[in-house]
Amino acid sequence: YKKDKWKVNFNAYSEQDSKNQPLQQTLSDPQQLILINVGDDLNNAFSPGIDSVGFSTDLTLYKKIDDSLGYEVYVYSTHQDSAFYQLSFTDVGQGNGNYILEDFSAFGRVYKWVKPDTISGDIILNGRYEPVIFLVPPQKRQMVTLGADYQFSKYTKLGVEGALTNVDVNTFSDVDGGDDTGFGGQLKWTTKRPISGDSTGWILTNNVMGEYRHRNFNPIERYRLVEFERNWNLLGKTLTGDQLLGKGDLGIQKAGFGSIRYYFNTFNSLGEFNGIKNGGAIKIKKGKTRVNYNGNIANTSGFETTQFIRHKSDVSQDIGWLRIGYIDEFEQNQFKYQETDSLLSNSYQFFDWRIYASNATTDPKKNTFEFYYRQRKDKLIANNALSPATSADHYGASFSITSNKNHKLRTRLEYRELRIENDSIATVQPDETLLGRIEYSTRIWGGFITTSTFYEIGSGQELKRE
């Protein structure tokens, strides 16, 4: 809906599994009763996978015996006087079950019971399979959003959006229903105002965003960046608190020159995680000079104390028909114990840079060439410090002849030398590698017949295959 300076949007989404027609399982009344009582704890949503069927020569059957220690055990059998049970096994993970996969019969897999161990009074299971059936309950997912934008002026806009989600992982049960509903909201302020009075001169840009996400908010689709967790050193972590995300940036830009921007981010999961990030970005295209740079430093605390420093840069200069360029990427990521300030083993650093010379064109219809040299140095933890582990040199060239639309030739060749700086921390072996590829494609009779041929070469060490 739009009117004057207002823009309003509303969205609703709902999907729900039928209780009477589940897609993956047909649930019996006893199984439905299990789901009613289990609530949202789906790890316990299983029913016995043991069925007394009588003897048959067309089934994999088991007989029941009582172990000397009182365990009820099922053993594979083909005897008609005792093989009365058909079992359905589920992989529950090593150390969580009483059975292992032993063999195969004409009618399926055969499982064997293994005796558990008792250590200091604790029972240690030695299998990974159990005669149980995990139940798949019907689920419900719903989401509604309401948002509005207000244009204060041609330079300034305010936006607000709220969302409510309702996710029930087991619609058979009312148990644990208190965490089904969650709320999230965003507030955005955008400014883009000319400094010199017209849009052809310098322009001041400013963006501010605040986001609140309730701990039970469960969006239908992911809306954050794919690398959001990596950016905040949260890979493998589970956040359980309410989340607050803030972003702000201030910059200037000018047509025919580029832009310069400073940004500040903060992210908090209340009671368990805090993070702050400062960064800057430069993007300049002036005549035959191009500069792209983005760098930031993030400091976090909570699960551990981390500092993540990184940047990427790409600089090039055209000299007539020739382009000279430099590209690099740097990352230093330090993880520390909060109590002792000691580096953790997943800390690392690398610096990867490359210089190149190529013809100054981006037209895919023109012939191209490139020569380059690239170097990468990696550091890993040793003696509570980041120490050189490996370094590598790359020498390469590529050529493309694509000016003829009916005949195209592309080729690339690279030589790499990998050196070990410290064999006590390096996880690879020194190596020399040569890689090459040549590809030729042609079109005949106006494209009625097309062919493509390529040839690849490669030398060096390959991972051992079992």
Side-chain angles (χ1 to χ4, degrees), residues 40 42-43 93 141 143 145 161-165 167 169 179-188 207-249 261-281 294-312 329-352 378-381 384-386 389 427:
D40 291 350
L42 300 187
N43 289 328
R141 303 181 70 195
M143 182 175 181
T145 66
E161 184 174 24
L164 183 69
T165 64
V167 177
V169 298
D179 60 355
D180 291 351
T181 304
F183 172 79
Q186 277 190 356
L187 183 67
K188 296 181 179 180
N207 298 281
V208 179
M209 189 277 285
E211 176 186 298
Y212 168 78
R213 175 169 167 170
H214 187 265
R215 60 185 176 277
N216 295 328
F217 183 73
N218 198 335
I220 302 299
E221 293 184 351
R222 182 186 180 96
Y223 65 93
R224 288 174 172 167
L225 295 175
V226 173
E227 290 205 343
F228 180 85
E229 288 77 13
R230 182 175 183 269
N231 292 341
W232 291 106
N233 279 328
L234 286 170
L235 290 175
K237 308 293 194 304
T238 300
L239 299 177
T240 60
D242 294 351
Q243 299 175 20
L244 297 172
L245 175 66
K247 296 181 179 180
D249 67 70
R261 182 171 62 95
Y262 162 78
Y263 56 89
F264 173 82
N265 296 349
T266 179
F267 178 62
N268 298 281
S269 182
L270 300 183
E272 60 183 352
F273 177 85
N274 294 284
I276 295 176
K277 180 190 297 181
N278 288 274
N294 193 332
N296 59 70
I297 176 172
N299 293 281
T300 74
S301 62
F303 301 99
E304 62 262 313
T305 299
T306 77
Q307 184 180 73
F308 194 4
I309 305 173
R310 57 181 171 172
H311 78 252
K312 292 183 179 181
E329 181 176 3
F330 171 82
E331 286 191 9
Q332 183 191 84
N333 204 351
Q334 298 187 59
F335 297 78
K336 296 182 178 181
Y337 286 112
Q338 297 188 89
E339 296 80 4
T340 63
D341 202 38
S342 299
L343 283 176
L344 298 177
S345 60
N346 54 341
S347 301
Y348 69 90
Q349 176 182 309
F350 73 80
F351 181 48
D352 192 326
D378 287 83
K379 292 184 177 182
L380 297 174
I381 185 172
N384 199 37
L386 290 172
T427 58

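Of the charged side-chain nitrogens involved, none lies within less than 4.0 Å of a carboxylate oxygen, so that E211 and K188 do not count as a salt-bridged pair. With respect to the salt-bridge test (charged N to carboxylate O, under 4.0 angstrom), the residues E221 and R141 do not qualify. We find that K312 and E331 are not joined by a salt bridge, their nearest charged nitrogen and carboxylate oxygen being 4.0 Å or further apart.
Not one N or O on the side chain of N333 forms a donor-acceptor pair closer than 3.5 Å with the backbone of S347. Looking only at distances, no side-chain donor or acceptor of Q334 sits under 3.5 Å from a matching main-chain atom of F308.
Residues N216 and D179 have side chains that never bring a donor and an acceptor to within less than 3.5 angstrom of each other. A side-chain donor from one of N296 and Y263 sits under 3.5 Å from a side-chain acceptor of the other. Between the side chains of N231 and R310, at least one donor N or O lies within less than 3.5 Å of an accepting N or O.
Ring geometry for F228 against F267 counts as perpendicular: the plane angle is over 60°, on a 0 to 90° scale with 30° as the lower cut. Ring geometry for Y212 against H214 counts as perpendicular: the plane angle is over 60°, on a 0 to 90° scale with 30° as the lower cut.
Between N268 and F273, the closest side-chain pair of non-hydrogen atoms is not below 4.5 Å. Residues T305 and T300 form no side-chain contact, since every pair of their non-hydrogen atoms from C-beta on lies 4.5 Å or further apart. L344 places a side-chain heavy atom less than 4.5 Å from the side chain of Y337. Q332 is listed as a side-chain neighbour of L386, based on a closest heavy-atom distance under 4.5 Å. Residues V169 and L42 have side chains in contact (heavy-atom distance under 4.5 Å, counting atoms from C-beta outward). Counting heavy atoms from C-beta outward, M209 and N207 have side chains that stay 4.5 Å or more apart. A heavy-atom distance below 4.5 Å is not found between the side chains of W232 and T306.
Legend: residues meeting side chain to side chain donor-acceptor pair (under 3.5 Å) with E329, ordered by chain and number and at least two apart, are absent. Residues satisfying the ring pair (Phe, Tyr, Trp, His ring centres under 6.0 Å) criterion with F303, sequence neighbours excluded, are absent altogether. With sequence neighbours left out, the side-chain contact (heavy atoms from CB on, under 4.5 Å) criterion links L225 to no other residue. For H311, the ring pair (Phe, Tyr, Trp, His ring centres under 6.0 Å) partners are Y293, F330, not counting sequence neighbours. The salt bridge (Lys or Arg N to Asp or Glu O under 4.0 Å) search around D352 returns R374, R376, not counting sequence neighbours. Under the side-chain contact (heavy atoms from CB on, under 4.5 Å) criterion, T145 pairs with N11, M143, E161, A163, not counting sequence neighbours.
Residues G241 and S269 approach most closely at N-OG, 3.6 Å, considering heavy atoms.
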**OP:** Begin with the C-alpha distance, continue with both residues' side-chain angles, and end with the deciding distance and a verdict on side-chain contact (heavy atoms from CB on, under 4.5 Å) for N274 and I276.
**Re:** CA-CA 7 Å; N274 294 284; I276 295 176; over 6 Å; no
Subject >> From CA spacing to verdict: side-chain contact (heavy atoms from CB on, under 4.5 Å), D249, F264 >> reply: CA-CA 6 Å; D249 67 70; F264 173 82; over 6 Å; no
Original post:
Under the side-chain contact (heavy atoms from CB on, under 4.5 Å) criterion, do N384 and L343 qualify, and how do the steps go?
Top reply: CA-CA 6 Å; N384 199 37; L343 283 176; 3.5 Å; yes
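The structure places CZ of F350 at 7.5 Å from CG of D378, a figure rounded to the nearest 0.5 Å. From R213, atom CZ reaches atom CD of Q243 across 5.0 Å, with rounding to the nearest 0.5 Å.
Residue L270 forms a side chain to side chain contact (heavy atoms under 4.5 Å, CB included) with just one option from T240, L239, D242, and that option is D242.
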